[in-house]
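Per chain, numbering begins at 1; letters A, B, ... match sequence-line order.
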Amino acid sequence: MILRELNRLLKEAVEAAQRAGALPAELELPEIILERPKQANLGDYATPLALQLAGKIGRRPLEVAETIAAHFPAAPMLAKVQPARPGFINFTLSQEWIARQVDTILAAGETFGNIDLGKGKKTQVEFVSVNPTGPLHIGSARNAVIGDTLANVLQAAGYDVYREYYINDRGTQFDNFAATAYVRYAQALGIDEPMPEAGYFGQYMIELGRQLAEEYGDTFLHMPREEATRQLGEIALERTVAGIRQDLELIGVYYDCWFSERSLYQDDTFQKVMEILRAAGMVEEREGAVWFTATKLGGDKDEVLIRSDGTPGYFASDIAYHYNKFVVRGFEWVIDVWGADHQGHVPRMKIMMQALGLDPDRLTLLLYQLVTLKRGGEVVRLSKRTGDLITLREVVEEVGPDAVRFFLLSRAAESQMDFDLELAKEQSNENPVYYVQYAHARIASILRKAGDMDYSAGDTSLLQHPSEIALIREMLRLPEIIELAAARLAPHHLTYYAMDLASAFHAFYRDCRVLSSLPEDEAITKARLKLVAATKLVLARVLRMMGMSAPETM
RNA sequence: GCCCCCGUAGCUCAGUGGAUUGAGAGCGCUUCCCUGCGGAGGAAGAGGCCACAGGUUCGAAUCCUGUCGGGGGUACCA
């Protein structure tokens with residue numbers, strides 16, 4: 001990767017200058033910053049290293065830059081190494097070198113862009129994990145898109161990634177859900193049952209009740225209510241989880257594991273965790289409940305582990321769950337993707353890690369701001385009472401999975417976003433994803449037209465048109481984008497990169513004709529077919545990383 | 001009250017743990033470009049005191065403090 005190479009060369013240059021006595025022998029190098037200058041005429045990369053060093057050694061920045069540049073080792077990659085006011089060093093890549101990278105990209109194929117940042121670290125991304133009490137709504141889809149794309153990015157960055165969905169199949173919410181299933185079932189059979197106060201009032205539960213009544217008749221009315229509720233709850237759970245799974249598959253999200261919360265209580269995990277917490281002095285009984293004393297480690301409040309009715313609360317499960325993740329299954333790094341409505345919980349999770357004797361840095365809570373749902377400009381409040389929501393399925397059917405993913409992915413997680421279903425429908429044809437896919441389809445069309453022409457011997461050094469060079473340069477950014485997105489857990493950068501890459505292609509397409517039947521054009525045609533094939537590869541890679549399709553035709 | 005996130009073009013949003021310089025995109029708006037590979041394309045333009053006020057620095061949209069505005073949290077729900 002270019003950045004690593006430049007980094008290495010810079011260090012060599014500084015050392016060379018030191019050996020020559022041009023820079024002090026004792027010199028503490030700061031972390032080297034390499035960036036792309038905003039102005040193209042300043043080169044491809046720049047570093048403010050001399051500016052940073054100048055103050056320390058009491059010399060003029062420009063002079064330090066000149067010194068480093070003068071000792072810069074020869075590198076075929078670089079055409080120019082220029083010191084510049086007030087003390088930057090600018091690097092310009094050699095055009096010949098850039099042109100040759102087309103062969104490199106083609107040779108790398110599907111692996112082009114991959115980096116080794118993760119070094120195979122066993123990593124889990126847990127995302128969505130909403131209560132299995134109904135269909136997924138479009139707000140949860142943001143979680144899905146961020147989590148899934150991040151997992152893709154981390155894989156490309158060299159992490160060993162596992163995707164997981166945590167099913168809350170026990171606890172108060174689940175009990176409410178089971179109770180609702182019973183009531184809707186009974187109602188479907190003509191029994192006048194009142195809905196539980198905290199039940200789920202959505203239309204989908206009425207449907208479910210009807211289905212259950214149809215399939216099972218009045219079987220469950222003939223058993224004790226508690227048992228009937230339990231059994232109906234099981235069936236309803238199974239269907240709802242299956243529904244969520246299908247909803248997620250609509251937008252191309254798949255998991256390695258669907259983890260049951262209940263399973264934490266079916267072996268000795270929970271007991272073990274309680275023992276560890278007690279031994280750590282983090283457990284206290286009061287008011288009839290058992291508490292996790294987060295305040296002992298600087299938390300703002302304690303948290304209930306076991307409620308006064310004897311049942312463990314969600315936090316108890318969370319601790320057992322993370323014990324399972326880190327200790328039982330041995331994940332080195334865990335990322336939980338959470339909506340901002342869970343932010344208050346973050347400090348306690350970190351304290352929990354400490355209490356378990358684990359390094360809190362091994363757990364990352366990635367928060368995204370909630371999506372404000374609108375329908376024709378009016379805010380749609382998510383309400384369990386009315387069950388009014390905009391489902392993911394509904395949106396995907398209206399707008400298509402790729403547009404949904406692109407839209408939800410294109411904003412930074414920490415930025416709030418509005419989602420207006422009406423607006424989304426109106427603008428679905430203007431979604432930028434089509435711009436990117438169009439570039440891919442255009443290339444596919446060119447390649448189809450080229451037929452079985454063998455361009456494998458194409459000479460890429462012929463690619464010297466500014467638009468050709470610009471396009472290759474753009475492709476060479478892929479590893480940098482992957483590093484950026486992975487290091488900052490910010491997959492939204494991919495969408496902007498995809499646009500830039502497509503734009504560079506369209507500009508090339510305007511300026512450079514690929515196919516030609518003239519004999520004198522044969523060499524450049526073959527070179528350009530290589531370029532175009534490489535571009536197709538990179539576009540497809542980015543689209544797939546974002547979980548979108550790379551169509552051959554549109 | 002306290003805690004967290006956000007406030008950049010008409011709208012929706014990018015702008016890496018500061019840096020050479022006139023702050024960018026998509027959509028919308030104005031004008032233009034089809035004798036060749038897909039016009040879901042390309043070119044040009046209008047449109048911003050980067051919420052406001054201080055501070056740090058050679059240099060701030062970016063860092064610090066405060067104010068105002070929007071969202072979220074502060075349950076023996078998850």
>> Both distances below 3.5 Å, Watson-Crick or wobble geometry, any strand: find the nucleotide opposite B:C49.
In response: none

>> If I take atom CG in residue A:N431 and atom C1' in nucleotide B:A25, what distance separates them, rounded to the nearest angstrom?
In response: 14 Å

> Atom CD of A:E35 to atom P of B:G17: distance rounded to whole Å?
Replying inline: 10 Å

>> Applying ring pair (Phe, Tyr, Trp, His ring centres under 6.0 Å) to A:H345 and A:Y314, what does each step give before you reach the verdict?
In response: CA-CA 11 Å; A:H345 194 37; A:Y314 78 96; 5.2 Å; yes

> Between B:A23 and B:C52, how far is it from one P atom to the other, in whole Å?
Replying inline: 15 Å

> What are the two closest non-hydrogen atoms of A:L297 and A:M282, and how far apart are they?
Replying inline: CD1-CE, 3.6 Å

> Should A:F315 and A:F292 be marked as a ring pair (Phe, Tyr, Trp, His ring centres under 6.0 Å) after you check the CA-CA gap, both sets of side-chain angles, and the distance that decides it?
Replying inline: CA-CA 9 Å; A:F315 193 59; A:F292 177 73; 5.3 Å; yes

> In whole Å, what separates the P atom of B:C64 from that of B:C5?
Replying inline: 10 Å

> Whom does B:U56 pair with, Watson-Crick or G-U wobble, provided both distances fall under 3.5 Å?
Replying inline: none

> What are the two closest heavy atoms between A:L363 and A:K350, and how far apart are they?
Replying inline: O-NZ, 2.6 Å

>> Need the pair for B:C34. Rule: Watson-Crick or G-U wobble, both distances under 3.5 Å, any strand; none if unpaired.
In response: none

> Base, sugar-phosphate alone, or nothing: which one does A:E552 contact when heavy atoms must sit under 4.0 Å apart?
Replying inline: base

> Does A:S415 or A:N429 map to a spot on RNA chain B nearer the 5' end, using the closest nucleotide for each?
Replying inline: A:S415

Expected list for residues 503-512 of chain A: side-chain donor-acceptor pairs under 3.5 angstrom, two or more places apart:
residue, atom, partner, partner atom, Å
A:H506, ND1, A:R442, NH1, 3.0
A:D511, OD2, A:S467, OG, 2.4

>> I want to check one thing: is the phosphate of B:G42, taken as OP1 and OP2, less than 4.0 Å away from some side-chain N or O of A:Y435?
In response: yes

> Between B:C49 and B:U31, how far is it from one C1' atom to the other, in whole Å?
Replying inline: 30 Å

> Quantified in whole Å, what is the P atom distance between nucleotide B:U62 and nucleotide B:G7?
Replying inline: 11 Å

>> Looking at B:G24, which nucleotide sits across from it as a Watson-Crick or G-U wobble partner, both distances under 3.5 angstrom, or is there none?
In response: B:C13

> Over how many whole Å does the gap from A:L409 atom CG to B:A25 atom P extend?
Replying inline: 20 Å

> Taking atom P in both B:G15 and B:C63, what distance in whole Å separates the two?
Replying inline: 12 Å

> What integer distance in Å separates A:R442:CZ from B:G36:P?
Replying inline: 13 Å

>> Distance check needed: B:C27 P versus A:F419 CZ, whole Å only.
In response: 18 Å

> Is A:A487 touching bases, backbone alone, or none of the nucleic acid, heavy atoms closer than 4.0 Å?
Replying inline: nothing

>> My understanding is that only residues two or more places apart in sequence, or in another chain, count here; which of them pass salt bridge (charged side-chain N to carboxylate O under 4.0 Å, His left out) with A:E483?
In response: A:R4

> Partners of A:Q437 by side chain to side chain donor-acceptor pair (under 3.5 Å), sequence neighbours excluded?
Replying inline: A:D402, A:S549

> What closest approach, in Å, do A:G339 and A:L370 show between heavy atoms, and which atom pair accounts for it?
Replying inline: CA-CD2, 4.0 Å

>> Which heavy atom of A:R142 sits nearest to which heavy atom of A:A412, and what is that distance?
In response: NH2-O, 2.9 Å

> For atom P, what is the distance between B:C29 and B:G24, given to the nearest Å?
Replying inline: 23 Å

> How many Å lie between CG on A:L484 and P on B:G17, as a whole number?
Replying inline: 10 Å

> For residues 491-510 of chain A, which residues have at least one heavy atom under 4.0 Å from RNA chain B?
Replying inline: A:H492, A:H493, A:Y496, A:M499, A:H506, A:Y509, A:R510

> If each of A:L51 and A:S445 is mapped to the nucleotide of RNA chain B with the nearest heavy atom, which maps nearer the 5' terminus, i.e. the 5' end?
Replying inline: A:L51

> So what does A:S516 hit on the nucleic acid, given a heavy-atom distance under 4.0 Å: a base, only sugar-phosphate, or nothing?
Replying inline: nothing

> To the nearest Å, how far apart are A:I446 CD1 and B:G36 P?
Replying inline: 15 Å

>> For A:K425, is the NZ atom crowded, meaning more than 12 foreign heavy atoms sit under 6.0 Å from it?
In response: yes

> What string of B, S and - do you get for nucleotides 69-78 of chain B, 5' to 3', if B is base contact, S is sugar-phosphate-only contact and - is no contact with any protein heavy atom under 4.0 Å?
Replying inline: -BSBS-SBBB

> What pairs with A:Y166 under ring-ring contact (aromatic ring centres under 6.0 Å, His included), at least two apart in sequence or on another chain?
Replying inline: A:Y321

> If we take the C1' atom in both B:A78 and B:G28, what is their distance in whole Å?
Replying inline: 41 Å

> Within this structure, what is the NZ-to-P distance between A:K374 and B:C11, rounded to whole angstrom?
Replying inline: 12 Å

> For B:C34, is chi within 90° of 0 (syn) or not (anti)?
Replying inline: syn

>> For the C1' atoms, the ones on B:A40 and on B:A14, what distance do you get once it is rounded to whole angstrom?
In response: 23 Å

> Which of the following nucleotides, B:G41, B:C37, B:C6, is nearest to the side chain of A:E414?
Replying inline: B:C6

> Are the aromatic rings of A:F407 and A:F419 close, with centres under 6.0 Å apart?
Replying inline: yes

> For B:G7, what is the paired nucleotide under Watson-Crick or G-U wobble rules, both distances under 3.5 Å?
Replying inline: B:C68

